[in-house]
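So the structure is just underneath, and the comments pick up after that.
First listed ligand is number 1; within each ligand, the first listed atom is number 1. The first residue of the sequence shown is numbered 1, and numbering continues consecutively from there.
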Amino acid sequence: MFQTLRGMRDILPDEAERRRSMEAALRGVFSRYGYREIVTPMMEEASLFARGLGEGSDLVSKEMYSFEDRGGRTVTLRPEGTASVLRAAAQAGLCQGKGLVRLCYYGPMFRYEKPQKGRMREFYQYGVEALGSHSPALDAEMLEMVARVLEALRVEDTTLLLNSVGCAACRPAYVKALVKFAEGKKLCRECLARAGRNPLRMLDCKRGECRDVLDGAPEIPDYWCDDCRGHFSEVRENLDGYGVAYKLEPHLVRGLDYYVRTAFEVIQESLGAQDALLGGGRYDGLAKALGCPDVPGIGFAGGVERLLIALPEAEKTPRLDVYVAAAGDSALGEALRLAREMRAAGLSAEVDFEGRSLKAQMKEANRLGARRAVILGEDELKNRAATLKDMETGEQRSVARDELLDAVGRSGKGKNSS
Ligand code: HAM
């Protein structure tokens, strides 16, 4: 039997539904901040990413799905969205003569990484990019939106890690100090190679022995130029004004090479080794490096699968608004009529066709994650009434048939039906 490729997975109906409601919540927050959706192709010229993300990054050197197409071009399945969004914005002239352009996206990304919990070779990212402003107020507004995203998704126990990775003027001095610090230290083979090729990447190493050493490495803030220092303190002032909590993380560098100044990640410890729920930062200069008109930008992206792992169990979306349980054949016709009325009113409803016992039907209602059950027994039929049961609290009461639809509607539409 065929199986999915390693690191790729099918999204089965239960999960597909949870993802859809998460996506709707995300889109709601993004649109309240003025972000509009952009959809770019899943495949681009390989050199877009090589140039954009940095030849020395792990992503470009080891993890890209690149191959030659039938026309002899080297193409890549996109590993992230930022480079594509900048390319698309430049190609369509979206930023020409405009102020701030706010774009959001949602879709699959591909990275040839070693699969583990929260790390796949095909995964979905949601993200935003704001193009056209250097203002630290924009950085802070984006971080405030991140807080609203986490709130809307009901993700708990998260920490926002914040740093500034400096700019072309001040970073070289820091990199030099970092390389000097690493000389003669006991680091893994990969870090030793990174020290020559892309020293900042050493700070990303998760190996215990490297962490012990690198925790004592020089800190970027000690090397900021005046402009970077000023920018960062304004970001912090704004954040404090918004009441957004964060933790300063002076060794945070992020895995891609395009970042300047503000860099951030939201982590949740329960995720284990792959604890980054989302990450982003400012990338002034990336557009120019890609040969596009020079626009500053800032953005972030998060992994959908990690969000699903991070959500509390209780946030599992109930699948069904109403299960209509009928006792006996005579009640089935009435149950079917009721289900049709519920559906016409925008509620999701299911009925048992197999003539099973009421007990078995209630078990089925539970299995389906029904929020309410309407029970139609012989007596209820005779009295033109039904029992309405709240499946979450177990409370039940008798409701007249004519008032049933209203009573179910008033007891709250399901998350799926909004
Ligand atoms: P990134 O940190 O490489 O940044 O990825 C962002 C998020 O995507 C991660 O925090 C994680 O949640 C998720 N992710 C990354 N790789 C995997 C994987 N193999 N499996 C599952 N989830 C994964 C970027 O991609 C930047 N483009 C973000 C950005 C936007 N910066 C500025 N604008």
- Has the side chain of Arg51 got a donor or acceptor atom that lies under 3.5 Å from a matching backbone atom of Ala289? yes
- Compile the protein residues with any heavy atom at a distance under 4.0 Å from an atom of ligand 1; present them by chain, then by number. Glu80, Thr82, Tyr105, Arg111, Glu113, Gly118, Arg119, Met120, Phe123, Gln125, Glu129, Arg254, Leu256, Tyr258, Tyr259, Ala276, Leu277, Leu278, Gly279, Gly280, Gly281, Tyr283, Gly299, Phe300, Ala301, Gly302, Gly303, Arg306
- Query: Any chance CD of Gln96 has more than 12 other-residue heavy atoms, nucleotides or ligands included, within less than 6.0 Å?
  - Reply: no
- Message: If we count only N and O atoms by modelled type, under 3.5 Å, do the side chains of Tyr283 and Thr82 hold a donor and an acceptor together?
- Response: no
- Query: Are Arg19 and Glu305 within salt-bridge range, i.e. N to O under 4.0 Å?
  - Reply: yes
Solution key, residues 155-163 side-chain donor-acceptor pairs under 3.5 Å, sequence neighbours excluded:
from, atom 1, to, atom 2, distance (Å)
Asn163, ND2, Glu249, O, 3.3
Asn163, ND2, Pro250, O, 3.3
Asn163, ND2, Leu252, O, 2.9

- Can a donor-acceptor pair be found between the side chains of Glu129 and Tyr105 at a distance below 3.5 Å? yes
